[in-house]
Amino acid sequence: MNKPSGFKPYYFKTLTSTNDEAKRLARKGLDKILVISDKQTKGRGRFNREWISGLGGLYMTIVLKEKNLDKARYLTLIATVSVVKTIKKLTKLNALVKWPNDVMVNDKKICGILTETISGKENYALVGIGINVNQQTFNKNISNKAVSLKIITHKNYSLNKLINLIITNFNLLYNHYNNKNYEKIIDVWKKYSHTLGKRIKAKTISGVYIGEAVDVDNDCNLILKLNNGKLKKIVEGDIFTV
Ligand code: BTN
């Protein structure tokens with residue numbers, strides 16, 4: 001079995017959240033490690049939402065020591081693209097990236113990314129990746145919007161194989177990140193976009209906006225063209241196709 005190139009894996013049977021453990025290990029000074037757990041008791045997503053984390057899913061966090069965290073939002077895009085390329089390679093399914101942090105298959109969510117940062121004397125980015133892989137079912141509340149690889153293909157997948165491929169893909173794009181070649185990252189993201197060109201409803205703290213998703217800018221914001229023709233920058237929020 002190949003090893004995730006350039007990263008040292010730390011495996012656990014159960015954790016509250018791989019992001020919590022990643023934070024603990026980063027605070028000890030560890031860099032370029034992967035925190036992986038078979039399940040999580042308090043898996044979380046954006047806005048502190050619950051991430052259902054039973055056996056069969058993939059839960060891991062990539063720990064990176066960074067000089068600067070200004071462009072850390074790119075790490076989320078890099079992670080989503082890495083997962084998309086991995087799913088496409090292993091399954092031939094048409095996986096796509098949904099702004100800002102999701103991977104979709106058949107219009108349902110199969111993966112979410114939670115990037116958190118630690119800033120201080122040393123800065124860290126913690127890129128948490130949750131993928132629905134071998135789960136057979138989901139409860140009624142989420143089964144209309146979430147799906148696993150197993151539910152679609154009726155096959156089981158090796159989590160280690162997925163991890164190794166994700167890391168290979170991540171490393172390629174992370175090189176562009178280190179070379180400040182952010183445009184290249186956006187270009188690749190656009191190639192797999194589930195969002196651009198669609199009519200979108202964006203729910204943000206400042207209100208709800210409806211328009212066509214026309215671009216992602218160089219700060220990773222989504223640009224909507226509203227009905228009145230004006231462009232609206234969406235920095236954070238949830239988006240839905242309408
Ligand atoms: C989201 O969709 O809002 C993001 C979900 C991120 C889930 C992953 S699972 C591994 C890591 N640990 C967590 O607690 N969350 C992330």
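In this text, all values refer to a predicted model and were calculated from it rather than measured experimentally. Basis for what follows: all heavy atoms, side chains included, without hydrogens, waters or symmetry-related copies. First listed ligand is number 1; within each ligand, the first listed atom is number 1.
The protein non-hydrogen atom at the shortest distance from atom 16 (C) of ligand 1 is R44 O, 3.8 Å. Atom 8 (C) of ligand 1 has its closest protein heavy atom at G130 N, 3.5 Å. Protein heavy atom at the shortest distance from atom 11 (C) of ligand 1 is T18 OG1, 3.2 Å. R46 N, 2.7 Å is the protein heavy atom nearest to atom 3 (O) of ligand 1. In terms of protein heavy-atom proximity, atom 5 (C) of ligand 1 is nearest to W51 CE3, 3.5 Å. The protein heavy atom nearest to atom 12 (N) of ligand 1 is Q40 OE1, 2.9 Å. Shortest contact from atom 6 (C) of ligand 1 to any protein heavy atom: G112 O, 3.5 Å.
A side chain to side chain donor-acceptor pair (under 3.5 Å) with D102 is found for one member of K108, H194, K109, R46 and no other, namely K109. For the side chain to side chain donor-acceptor pair (under 3.5 Å) criterion with D238, the lone passing option out of K203, K201, R49 is R49.
Ligand 1 places these atoms under 4.0 Å from at least one heavy atom of I129: 8 (C), 9 (S), 10 (C). Residue G43 approaches ligand 1 through these ligand atoms, each under 4.0 Å from one of its heavy atoms: 14 (O). Using a 4.0 Å cut-off to heavy atoms of N19, the atoms of ligand 1 that qualify are 11 (C), 12 (N). Near I113, the atoms of ligand 1 lying under 4.0 angstrom from a non-hydrogen atom of the residue are 4 (C). Taking a cut-off of under 4.0 Å to the non-hydrogen atoms of G45, the atoms of ligand 1 that pass are 1 (C), 3 (O), 4 (C), 5 (C).
Only side-chain heavy atoms of K109 come within less than 4.0 Å of ligand 1; its backbone N, CA, C and O stay farther off. Only side-chain heavy atoms of N101 come within less than 4.0 Å of ligand 1; its backbone N, CA, C and O stay farther off.
Below 3.5 Å of separation, one finds an N or O of S17 facing an N or O of ligand 1.
Defined by atom type and a distance below 3.5 Å, a donor-acceptor pair is missing between the side-chain atoms of N123 and S119. With hydrogens and angles left out, the side-chain atoms of Y11 and N160 include a donor and acceptor closer than 3.5 Å. Residues T18 and S37 bring no donor and acceptor atom of their side chains to less than 3.5 Å of each other.
In this structure, D217 contributes its side chain and I223 its backbone to no donor-acceptor pair below 3.5 Å. Using modelled atom types, no side-chain atom of N101 and backbone atom of G112 make a donor-acceptor pair closer than 3.5 Å. Proximity of a side-chain donor or acceptor of Y59 to a complementary backbone N or O of K39 within less than 3.5 Å is not detected.
Contact of the S82 side chain with the I166 side chain is registered, since non-hydrogen atoms from C-beta on lie closer than 4.5 Å.
By the neighbour-count criterion of 12 heavy atoms within 6.0 Å, atom NZ of K198 is densely surrounded, having more than that number from other residues, nucleotides or ligands.
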